[in-house]
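The structure under discussion appears below in the form of structure tokens.
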Amino acid sequence: MKTYKTYADLPGAPIADVPSQEESTAGWRTTRPVLDPKNCTKCYLCWKYCPDTAISVNDEGWPVIRYEHCKGCGICATECPKECIVMEKEV
Amino acid sequence: MPRFSIPEQELVYSGHVACPGCGGGLAIRYMLKALGPRTIVSIPACCWAITSGPFPRTALKVPTLDTAFETTGASISGLRAALDALGMKDITVVGYAGDGGTADIGIQALSGMIERNTDAIYFMYDNEAYMNTGIQRSSATPFGAWTTTTPADMDGTWKTEPKKSMMAIVVAHKIPYAATVSIGFPEDFVRKVERAKSIKGSRFIHAFCPCPPGWKYSPENTIKLAKLGVNTNVFPLYEVENGVYKITMKPSKPRPVKEYLGTQGRFKHLTDEMIAQIQERTDKTWNNLLALEGFSKEHPYCGL
Ligand SMILES: Cc1ncc(C[n+]2csc(CCOP(=O)(O)OP(=O)(O)O)c2C)c(N)n1
Ligand code: SF4
Ligand SMILES: [Mg+2]
């Protein structure tokens with residue numbers, strides 16, 4: 001019978017190590033947020049409130065929506081105080 | 001360089017499969033921003049055990065243990081003991097569990113963990129029902145709510161019991177630090193988790209996490225609801241450090257609970273009479289909290 005002397009003797013466990021970002025969730029969208037930075041004050045509320053981490057900030061400090069992972073929940077458009085983001089129907 | 005009011009580092013990948021507008025998704029994102037990369041997370045059965053995606057995918061950039069529904073408190077105790085045995089002292093151990101996994105099935109393991117004052121953080125993300133299995137009531141579901149097991153199709157078939165107070169229960173263990181947070185207030189959220197991280201012993205965070213399909217509202221309103229819950233005093237923000245209560249947000253003019261209840265389909269059957277009753281209960285709980293804040297300054301852990 002096998003005896004276990006240290007934790008190193010224990011059988012291995014399956015490890016999930018493929019980052020979920022390799023999966024696109026773009027197909028979930030029925031509406032798409034479209035950002036016009038004209039009135040943007042760089043408050044980053046859209047970045048802060050995105051549950052999908054799908055808004056980044058580029059080198060010039062503008063928020064950028066990454067459509068590969070945006071699910072179209074509409075939180076960014078609702079929370080932007082300057083109404084820079086509008087939701088448009090996906091076609 | 002852009003300036004952010006919460007840490008910039010992302011420890012949650014995109015591409016997870018939580019519903020659009022998931023409050024729990026923001027909670028884990030903010031929690032890990034505050035705790036940083038030297039963290040191990042234990043997740044029991046709940047939405048966030050699933051939302052990382054099918055094996056072999058993971059949505060977290062930190063090591064994660066997927067564990068059984070009732071074992072969050074026990075598993076983080078074991079992780080802590082193992083890290084201590086290996087001499088790895090600088091790693092934060094955190095359990096990320098739902099309200100069902102915390103207030104119902106996991107309460108024994110949680111109680112044991114806090115009673116031993118295990119050096120770990122227990123984080124309860126509260127969407128007020130068993131969402132992953134299809135919106136069944138939990139003891140953290142609020143009074144009056146519709147769920148699939150409290151169908152509200154006849155008088156008295158809604159949830160007739162009040163929401164269990166997990167904060168009162170953990171404070172009764174004389175826990176060093178416990179706090180409530182809402183995803184609607186990320187700066188307050190991150191500050192409290194950072195505070196928790198800096199303290200030794202058991203720590204508990206109770207996070208208010210609106211859930212669009214479970215609460216029956218449109219996903220763009222997640223943040224609005226997360227704020228309204230606080231601004232109506234339905235979910236007060238406070239912390240308890242060494243038995244001393246401190247309310248961290250006092251709405252100068254609390255909104256009527258009707259505003260909060262009216263935005264969610266799970267409360268649409270409520271009569272004016274029931275709404276008045278909920279208002280009364282909310283006011284009472286708030287006044288109790290104010291009293292606790294005053295009294296506990298001189299009498300930490302008062303009444304316990
Ligand atoms: C012992 C056991 N009983 C039942 C289940 C089925 N189950 C998995 S997740 C879940 C609901 C979890 O609810 P909660 O903890 O509130 O997390 P949420 O899904 O709402 O995020 C249930 C009942 C299980 N996995 N294990
Ligand atoms: S059911 Fe609710 S808590 Fe679960 S993933 Fe969806 S929004 Fe999040
Ligand atoms: Mg739940």
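Letters go in sequence order (proteins before strands), and every chain restarts at 1.
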Q: Kindly indicate whether the side chain of A:Lys48, heavy atoms from C-beta on, has any atom under 4.5 Å from the side chain of B:Arg29.
A: no
Q | Best-contacting candidate, B:Pro219, B:Ser14, B:Gly184, B:Ser5, against chain A by heavy atom pairs under 4.5 angstrom | A | B:Ser14
Q: Find out whether B:Phe208 and B:Ile183 are in side-chain contact, i.e. whether some heavy atom of one side chain is under 4.5 Å from a heavy atom of the other.
A: no
Q) Would A:Glu23 and B:Arg57 pass as an ion pair if we require N to O under 4.0 Å? A) yes
Q) Restricting to pairs with a member in residues 70-91 of chain A, which pass ring-ring contact (aromatic ring centres under 6.0 Å, His included), not counting sequence neighbours? A) none
Q.
Is the shortest side-chain heavy-atom distance between B:Tyr96 and B:Thr64 below 4.5 Å?
A. no
Q.
Quick check on B:Ser218 against chain A: is it the side chain, the backbone, both or neither that has a heavy atom closer than 4.5 Å?
A. neither
Q) Side chain, backbone, both or neither: which part of B:Ile28 has a non-hydrogen atom closer than 4.5 Å to chain A? A) neither
Q. Would a 4.5 Å heavy-atom cut-off, applied to side chains only, mark B:Leu35 and B:Ile121 as touching?
A. yes
Q) B:Lys268 versus B:Lys216: any side-chain heavy-atom pair under 4.5 Å? A) no
Q. For B:Thr58, is it the side chain, the backbone, both or neither that has a heavy atom under 4.5 Å from a heavy atom of chain A?
A. both
Q: For this output row, return yes or no: ring centroids of B:His206 and B:Phe235 closer than 6.0 angstrom.
A: yes
Q. Given a strict heavy-atom distance threshold of 4.5 Å, which part of B:Lys224 is in contact with chain A: side chain, backbone, both, or neither?
A. both
Q) Can you tell which of B:Asn127, B:Thr102, B:Asp99, B:Asp126 makes a side-chain hydrogen bond (donor to acceptor under 3.5 Å, both in side chains) with B:Ser138? A) B:Asp99
(Q) Within residues 80-91 of chain A, which residues come under 4.5 Å of chain B, heavy atom to heavy atom? (A) none
Q. Checking heavy atoms, do the side chain of B:Leu11, its backbone, both or neither come under 4.5 Å from chain A?
A. neither
